[in-house]
Every structure is written in structure tokens, then in C-alpha cells.
2 protein chains.
Amino acid sequence: MTDTKEAKRAGRPRAFDPDAGVAAAMRLFWEKGYDAVGVAELAQTIGINPPSLYAAYGSKRELFGRAVAHYAGTQGRFFARLDAEGPAFETLVAVLEEAARSGTGDATARGCLVLDGTRNCTDPGARALTAEVRADLREKARSLIARERPDVADSAADYFMFVLTAISGSAIDGVPLERLMQDIALAGRGLGAILGRG
Amino acid sequence: MTDTKEAKRAGRPRAFDPDAGVAAAMRLFWEKGYDAVGVAELAQTIGINPPSLYAAYGSKRELFGRAVAHYAGTQGRFFARLDAEGPAFETLVAVLEEAARSGTGDATARGCLVLDGTRNCTDPGARALTAEVRADLREKARSLIARERPDVADSAADYFMFVLTAISGSAIDGVPLERLMQDIALAGRGLGAILGRG
DNA sequence: GAGGTTTTTTAGTGACCGATACAAAAGAGG
DNA sequence: CCTCTTTTGTATCGGTCACTAAAAAACCTC
């Protein structure tokens with residue numbers, strides 16, 4: 001589609017950086033959720049007009065897809081820990097704590113874009129975009145757990161997503177990081193129980 | 001304002017039951033969230049025209065307030081258990097399980113209206129309506145716990161709301177009741193830990 | 001019946017939604 | 001210079017948003 005390289009093509013050069021636009025859009029979607037962000041608002045924040053937005057990204061939904069991917073690569077980078085070697089229990093708890101930090105680090109963009117960005121969203125395509133990332137995330141947790149306890153990998157992965165859902169929702173509701181850390185410690189008891197004391 | 005009694009007043013009689021309208025509106029708000037439900041859709045579901053809706057309820061937000069109150073009095077009736085006498089741990093877990101049942105009982109209206117009905121909602125007034133109910137709920141849990149363990153009442157009440165948030169969000173994401181029950185059992189380990197073995 | 005009161009219906013308000021038609025503008029290559 | 005290509009800004013598309021003005025309709029009391 002669009003060549004990301006700076007190879008000078010014919011035609012009038014683009015006056016803005018599409019990647020920077022994705023980052024700005026991500027921030028907006030994260031703060032307000034998919035439906036609550038309008039195309040006009042997106043364009044104004046990026047510093048362009050709506051036609052430039054459609055020419056560069058295709059549609060609001062496609063821009064959201066780029067934003068979700070950017071979110072996963074920045075705010076959600078710590079989930080890569082699930083792929084690394086190491087004890088499951090400690091890794092999972094550490095990831096939950098990182099999620100709490102990410103979801104409370106900025107007062108204007110709380111919670112998780114992937115978990116709550118399409119809540120009550122009317123666009124099935126946008127919902128599917130976040131649902132796919134959630135499914136990938138659950139699978140990462142499941143396979144990590146399966147290395148130690150394949151018998152409980154599904155149940156423990158479900159519980160991991162369960163706690164993750166609580167973290168994002170609570171962060172959005174204004175629960176501060178310190179309390180989230182306490183909640184994670186308590187929820188970790190359940191994780192330790194099913195994993196047989198990590 | 002409007003006399004709920006059937007005392008025959010002057011003027012053309014109302015052709016619909018306002019309470020039944022609230023129930024229908026509640027169902028719609030529960031299924032889709034505040035922002036995703038339009039006034040035209042509400043009116044059509046109730047079986048009236050928009051002007052009748054405004055004459056009877058005042059505004060979309062006020063109708064939502066009535067709907068939330070109706071929800072609390074029907075779907076959320078089991079929260080009254082928090083006011084009853086009894087051991088805190090068993091009561092809290094039972095309430096969490098009831099919440100899971102309520103949030104998964106109907107495939108078309110999942111989760112909790114109070115916890116997730118105004119997620120990503122652009123109307124601050126509507127958000128405040130659900131936030132107030134959530135605060136009341138947390139206070140009920142806190143005072144129940146305080147009867148046994150005043151020292152940990154705040155932390156345990158926070159954790160209770162944390163788990164409740166997970167239940168509603170997970171139910172919306174499609175997690176079936178059986179898995180939610182497993183998750184609650186695991187989360188209950190943390191509750192038992194902070195309450196000192198319920 | 002007439003007058004008063006309230007709800008009904010029809011029709012429409014301005015504002016915003018996502019998405020576009022169109023032509024001027026700005027580059028490359030000839 | 002001219003042509004080709006792509007992006008730009010302007011101005012708008014039809015549709016939906018929450019909400020309402022206005023008048024007909026349906027009850028009351030007299």
C-alpha cells in the first residue's frame with residue numbers, strides 16, 4: 001500500500017508524518033474509546049483535514065487498527081515477558097503489575113485500550129480488532145503456564161485475563177496504583193493456588 | 001412531579017405505562033450502554049414517540065437514571081445481602097457469584113449496567129449516575145466487612161469492587177458462567193487471605 | 001354541549017457523525 | 001515549459017444525534 005520508505009515518489013509530498021498521526025490517534029482512542037472519538041477530532045489532533053486522514057489511513061476503523069498495533073508495541077511491550085523463559089507465577093504477577101502501572105501512569109488515559117477501548121462500541125469491526133489482540137494475549141499466557149502446568153493452563157489463563165480485566169476497569173474508575181497493587185497481591189493468591197504455589 | 005397513583009387527573013390519559021417504559025429502557029441500556037442507545041430507539045422500543053418520552057421522563061439522562069434505579073431493584077436485588085447479618089467472607093463470595101449469574105443470565109444483556117453501562121460514555125451526568133451506585137455498593141461492602149475486620153475493611157472492600165469489575169467485564173467479553181465461577185473461587189483466595197480465612 | 005388540561009402526533013430544529021467530490025497545489029520526470 | 005501523480009484544503013454528502021414547536025386528540029369538570 002503506502003511505501004513506508006522515504007523513496008521519493010511522484011506527486012505532492014505528504015505534509016505530515018503518518019506514524020506520528022497514528023500515535024496521536026492512539027492517545028485519543030485510549031482516552032475516550034473508539035466511538036467517542038470523531039474523525040474531525042482525530043484529524044484536528046493530527047493536524048490535518050479529514051480527506052488527508054482517509055487518504056493516509058483508509059478509514060477511522062483502519063486508523064484504529066494502526067493505533068491498537070502501536071499501543072501493543074509501546075504501552076503493551078511488557079507483555080513480551082510472557083514469551084520469555086522463567087517461572088510462570090512470578091512472570092504473570094509481574095505482568096499484571098506492569099499492566100497496572102501502564103493503566104494508571106497517565107491520568108488522562110487510564111486503563112487499557114485493548115481491554116476497554118471498544119466497550120459499548122457500535123462498530124463490530126473495531127470490536128473485533130481489540131478482541132483479536134485479547135485472544136493473542138490469552139494464548140501467550142496459556143502457553144507460558146502450559147510449560148509448567150499444562151493441566152491447569154486454560155483455567156489459569158482465564159484467571160489471568162479475569163484479573164487483567166479488573167485492573168483496566170478499576171484504573172478507568174479511578175483506583176490509584178497503590179490500591180491496584182494491593183488488589184493484584186490478593187488476586188495473586190488465587191494464581192498461586194491454581195499453579196501450586198508459584 | 002408525575003403522580004404514580006391512578007388518580008384520574010384532567011387531560012388526555014397517558015397511553016403507555018411509564019414504569020414499563022423504564023423497564024424496556026433498562027434492557028436497552030444494559031445491552032448496549034448509554035451512548036449507543038438513541039432516543040428514537042428508546043421511544044420505538046417503549047412504543048411511543050420522542051415527545052412522549054420527554055414529557056414522561058424529562059430527558060434521555062433522566063430516563064437512564066430511572067433505568068439504573070430499576071436495575072438496582074431487580075437485577076441488583078441480591079446486593080441487599082450485604083446489609084444482612086452473617087459472616088463477611090461467605091456473604092461476599094455469594095454476592096460475587098450472584099453477580100456472575102446476573103451478568104451471564106441473558107446472552108443479549110451481559111455484564112452489569114452499573115459497572116459498565118457508562119464505559120466510554122461522553123455524558124458526565126450519566127457517568128455520575130452509575131458512579132454513585134458503585135460508591136454506595138462499595139460502602140455497603142465496606143461496612144459489612146468492618147463488622148468483623150475494621151482494620152482491613154477499606155482494602156477488602158476495594159478488592160471486592162476489583163473482583164466485581166472483573167466479573168462484569170469478563171461476562172461482557174463472553175466468558176461463560178462456569179469459568180466465572182472458577183475465577184471467583186480463585187479470587188476468593190485473596191478475600192479469604194485478607195479477612196483471615198473467612 | 002363548552003372550556004380546560006394533558007398527551008398525542010407530525011414535523012422539524014441545529015449539531016454532529018463517518019466519509020467524499022472536486023479542484024488547487026506541489027512535487028517528479030520529460 | 002508541460003504532463004503526470006499525489007496530497008492538499010474547501011465545502012459538502014446523507015444520516016443520525018438529542019430535543020422541541022405546534023396543533024390535533026382525548027380525557028376531565030361544568
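Every value quoted in this text rests on a predicted model; they were computed, and no experiment measured them. In the text below, chain A, chain B and the rest are named by the order of the sequence lines, each starting its count at 1.
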To the nearest 0.5 angstrom, please state how far the CG atom of A:Asp173 sits from the CZ atom of B:Arg134. 4.5 Å
State, yes or no, whether a side-chain contact exists between A:Asn120 and A:Asp35 at a heavy-atom distance under 4.5 Å. no
Between B:Tyr34 and B:Thr122, is there a side-chain heavy-atom distance shorter than 4.5 Å? no
Salt bridge (Lys or Arg N to Asp or Glu O under 4.0 Å) between A:Arg81 and A:Glu98, worked out: CA-CA 10 Å; A:Arg81 288 197 190 186; A:Glu98 287 285 353; 3.3 Å; yes
Whole-Å gap separating [atom2] ([N]) and [atom1] ([X]):
{"X": "A:Gln44", "N": "C:dC17", "atom1": "CD", "atom2": "C1'", "answer": "16 Å"}
{"X": "A:Leu63", "N": "C:dC17", "atom1": "CG", "atom2": "P", "answer": "15 Å"}
{"X": "A:Asp17", "N": "D:dT8", "atom1": "CG", "atom2": "P", "answer": "12 Å"}
{"X": "A:Ile46", "N": "D:dT8", "atom1": "CD1", "atom2": "P", "answer": "11 Å"}
{"X": "A:Tyr57", "N": "C:dA19", "atom1": "OH", "atom2": "P", "answer": "15 Å"}

If the cut-off is 4.0 Å, is A:Asn49 near the phosphate of D:dG9, judged by side-chain N/O to OP1 or OP2? yes
Distance below 4.0 Å between B:Ser52 side-chain N/O and C:dT7 OP1 or OP2: no
Residue A:Arg14, side-chain heavy atoms: nucleotide from D:dA26, D:dT8, C:dT7 that is nearest: D:dT8
Look at the side chain of B:Arg12 and decide which nucleotide, out of D:dC27, C:dT8, D:dT8, has an atom nearest to it. C:dT8
Quick one: does A:Tyr159's side chain have a donor or acceptor within less than 3.5 Å of a partner on A:Ala187's backbone? yes
Check: B:Thr165 main-chain N/O paired with B:Ser168 side-chain donor or acceptor under 3.5 Å: no
Indicate, with a heavy-atom threshold strictly under 4.0 Å, whether B:Phe16 touches base, sugar-phosphate, or nothing. sugar-phosphate
Contact check, residues 20-28 of chain B vs DNA chain C, heavy-atom distance under 4.0 Å, returns none
Heavy-atom neighbours of B:Gln44 CD exceed 12 at 6.0 Å: no
Does atom CD of B:Glu132 have more than 12 heavy-atom neighbours from other groups under 6.0 Å away? no
My understanding is that only residues two or more places apart in sequence, or in another chain, count here; which of them pass salt bridge (Lys or Arg N to Asp or Glu O under 4.0 Å) with B:Arg110? none
Quick test: give all pairs of protein nitrogen or oxygen and nucleotides 16-20 of chain D nitrogen or oxygen below 3.5 Å, distance rounded to 0.1 Å.
residue, atom, partner, partner atom, Å
D:dA18, OP1, B:Val37, O, 3.1
D:dA18, OP1, B:Lys60, NZ, 2.7
D:dA18, OP2, B:Val39, N, 2.7
D:dC19, OP2, B:Tyr54, OH, 2.9
D:dC19, OP2, B:Lys60, N, 3.2
D:dC19, O5', B:Tyr54, OH, 3.3

